[in-house]
Amino acid sequence: MYDLRPYQSDAVKAVYDHLRDKDTNPCVVIPTAGGKSLCIAEVAKDAVVKWHGRVLILAHVKELVEQNAGKIKAIQPDLPVGVYSAGLESRDVEQPVIVAGIQSIYNKADLFKPFDLVMIDECHLIPPDGEGRYQTFLNAAKEGNPNVRLVGWTATPYRTQGGLICKPENLLNEVCYEIGVKELINRGYISNITARAGKVKADTEGLHIRAGEFVAEDVEKLMGEDRLVMSACQEIVELTRERQACLIFCTSIAHCKKVAAQIAKFSGEECAIVTGDTPDLEREETIRRLRGETVKADLFADKPPLKYCCNVSVLTTGTDIPRLDTIALLRPTNSPGLLVQMVGRGFRLSPETGKTECLVLDYGRNIERHGPIDMIKVKEPGKGGGGPLAKECPNCRTIVNLPVMLCPTCGYQWPRKEPERKAHEATAAKAAILSGEVTIEKFPVKHAIYQVWEKRGAPPGSPKTVRVTYDIDYLTHYSEWLCPEHTGYARRKFEKWWREHAHPDCPMPRTAEEVCEYEFAGMLREVKEITVRFVSGQKYPEVTGCELGDYAIDRRLAESNENREELSDEDWDDIPF
């Protein structure tokens, strides 16, 4: 048995609420490694066991069909699950839960007893011109059951070709539940992600776009340039010497082979290659070796675990390799969905290896183009883009959100520029006109992030501080510093802050690490609003007060208890399948 995490229970409940209250087709958005399969299995179980219904789970490729069937059988071993897929040579039709490939089933609805619920996994893979097959099947399914319902599941609610997947006119109409990457990282459910630009990066300005993506021939020529390949591969090897597994995304089969050869040359280790032409058995062996397994051989030497692997648009959706702690993007993409899927391969935690962080090496200016992975803004096809959404630290090449002025890795301070004023601004400026004038404003807080902070260049043993960053919106962040390791006024100020924010049962910390540990454990109160003091002529604003909410641990407990409550018999009767 298993227990759903609070947000997974919220997602399942949101599906039931939507199906009960609305006629539209909902979509659930949970980041890669967030446990989407558990939610799908829970809904499938409820539909069969509690409502005596039949469920169809559709996927776009046979690998996902096989993976979904295997996970549901493992999670719900008592649930009868069948597979219908020509590629897997399986044509089950009787079981109450069927996992199928859309290519195999779209014109064969008459082979099955009527379904009550259809779920599409990785629904971002539905191409704009591919909704027809799903629609064909649904139209036929409705002939057997006019009340059949549809639910989509994905980590990225936009197509890899560009454009949002949920629209009134589309197959899926609206997102009923979504949780973000940053929230799951902060809660400790998925791996932290750090990004770094390469020493040598491609100049992607001249790339042409066709059908929402960069033209393949242009990309291959640009990224295959000898100087870029050699520099990138040498840097990848240098930065991964103490790391466990590195997945490299390339532009073509020829580029893949070129990169793999250089990685092997610089590292002295094997670099595997996986493309669309790779036989299934070889691909399966490569993935197992990347997971850290040794593959036994009858006639030849055993194949040891792999550290490096190049691939071409293959190991994205559905690939589960927890020990991956480095992702190298040796290809530019104009697709925000593809970027998230590539980076998402490193989201999984690995308790077995101790991996809690993944390094992304970006040689194609992708994060600069699309923005931080948790703040991607999707443009509709054919609409302009504007300037870059992220920037590179000139000192250590860490990639950060565009508004960030202090590098979190090395402490580099970006120079501040006075904003240019338009000739006829519709909103009055907030800044005071004379130096020394004070402005006080209040801001609602979306997230608060606690980090141990060590002053750049500080001598060994110097007191560390805690930086608390309050996210107001996409472009606005304010910070305050806590000083638990200092003495005198700074320490007394911290103690006052702690008595106001911390749970009564929580002891007074002596170190910055303890502060962050208690915050992670939920022992601090939620910050709902902050008061910020601006002084004209001074460089930084000051957080002078805040409105506090509940303790995080109490909120989590309440959410958990609420999610565990069973629906009443009347509620079950209202579920429309």
Side-chain angles (χ1 to χ4, degrees), residues 32 181 185 191-204 219 222-251 255-256 258-267 269 271-274 290 306-313 315-316 319 321 323-333 336 338-348 355-374 376 388-401 407-410:
T32 300
V181 169
I185 290 175
S191 176
N192 192 24
I193 301 290
T194 56
R196 183 169 176 174
K199 293 177 182 176
V200 177
K201 299 175 289 296
D203 182 2
T204 60
V219 169
L222 175 67
M223 301 305 294
E225 197 269 325
D226 289 344
R227 177 170 169 266
L228 175 59
V229 170
M230 291 188 65
S231 172
C233 291
Q234 187 170 14
E235 185 178 27
I236 289 169
V237 171
E238 290 174 356
L239 294 175
T240 57
R241 292 198 187 280
E242 304 300 323
R243 290 180 172 267
Q244 302 174 73
C246 174
L247 183 60
I248 305 167
F249 288 91
C250 301
T251 64
H255 185 231
C256 211
K258 188 173 185 177
V259 170
Q262 291 299 319
I263 291 289
K265 173 184 173 182
F266 288 120
S267 69
E269 300 188 41
C271 181
I273 295 174
V274 176
L290 275 174
L306 271 172
K307 183 170 184 176
Y308 298 102
C309 178
C310 293
N311 85 107
V312 184
S313 300
L315 302 182
T316 52
T319 305
I321 308 172
R323 72 191 279 263
L324 274 179
D325 57 5
T326 309
I327 305 293
L329 305 178
L330 268 172
R331 60 158 297 175
T333 178
L338 181 56
L339 172 60
V340 174
Q341 291 294 335
M342 291 190 293
V343 173
R345 298 312 100 202
F347 280 171
R348 295 190 185 277
K355 172 220 166 183
T356 59
E357 175 267 348
C358 182
L359 173 65
V360 176
L361 301 173
D362 187 5
Y363 297 91
R365 301 182 185 273
N366 295 295
I367 300 174
E368 178 182 321
R369 183 178 305 111
H370 297 292
I373 209 71
D374 61 311
I376 282 182
L389 298 175
K391 61 187 177 184
E392 171 190 339
C393 174
N395 190 45
C396 68
R397 303 199 313 281
T398 296
I399 302 174
V400 298
N401 193 6
C407 177
T409 301
C410 70

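In this text, all values refer to a predicted model and were calculated from it rather than measured experimentally.
Residues satisfying the salt bridge (Lys or Arg N to Asp or Glu O under 4.0 Å) criterion with Arg348, sequence neighbours excluded, are Asp320. Residues that satisfy the side-chain hydrogen bond (donor to acceptor under 3.5 Å, both in side chains) test with Glu269, not counting sequence neighbours, are absent from this structure. Among residues two or more places apart in sequence or in another chain, the side-chain hydrogen bond (donor to acceptor under 3.5 Å, both in side chains) test is passed with Arg196 by none. Every residue was checked against the side-chain hydrogen bond (donor to acceptor under 3.5 Å, both in side chains) condition with Ser267, not counting sequence neighbours, and none meets it. Every residue two or more places apart in sequence or in another chain that forms a side-chain hydrogen bond (donor to acceptor under 3.5 Å, both in side chains) with Thr240 is listed here: Tyr308.
Here Phe266 contributes atom CZ and Met230 contributes atom CE; the two are 4.5 Å apart, rounded to the nearest 0.5 Å. In this structure, CG in Leu247 is found 9.5 Å from CG in Leu329, a value given to the nearest 0.5 Å. Atom CD1 of Ile321 is separated from atom CG of Leu290 by 4.5 Å, given to the nearest 0.5 angstrom. Considering CE of Met342 and CZ of Arg331, their distance stands at 5.5 Å, rounded to 0.5 Å. Between atom CG of residue Asp362 and atom CD1 of residue Ile367 there is a gap of 4.5 Å, rounded to the nearest 0.5 Å. One finds the CG atom of Asn366 at 11.0 Å from the CZ atom of Phe249 (value rounded to the nearest 0.5 Å).
Counting heavy atoms from C-beta outward, Leu361 and Glu235 have side chains that stay 4.5 Å or more apart. For the pair Thr204 and Arg369, the minimum side-chain heavy-atom distance is below 4.5 Å. With a 4.5 Å cut-off on side-chain heavy atoms, Leu228 and Leu222 do not count as touching. Between Met223 and Cys250, every side-chain heavy-atom pair lies at or beyond the 4.5 Å cut-off. Two residues are said to be in side-chain contact when any heavy atoms from C-beta on lie closer than 4.5 Å; Ile236 and Tyr363 meet this criterion.
Annotation for Leu306 and Ala245: closest pair O-CB, 4.5 Å, computed over non-hydrogen atoms.
Without hydrogens or angle criteria, His370 side chain to Thr333 main chain gives a donor-acceptor distance under 3.5 Å. In this structure, the side chain of Asp325 does not engage the main chain of Cys358 through any donor-acceptor pair within 3.5 Å. Checking side-chain atoms of Asn311 against main-chain N and O of Ile248 turns up a donor-acceptor pair under 3.5 Å. Looking only at distances, a side-chain donor or acceptor of Ser191 sits under 3.5 Å from a matching main-chain atom of Thr356. For the pair Arg365 (side chain) and Pro332 (backbone), a donor-acceptor distance under 3.5 Å is absent. In this structure, Arg323 contributes its side chain and Gln244 its backbone to a donor-acceptor pair below 3.5 Å.
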What donor-acceptor contacts under 3.5 angstrom involve side-chain atoms of residues 258-265, with partners at least two apart or in another chain?
unit_1: Lys258; atom_1: NZ; unit_2: Gly224; atom_2: O; d: 2.6
unit_1: Lys258; atom_1: NZ; unit_2: Asp226; atom_2: OD1; d: 2.4

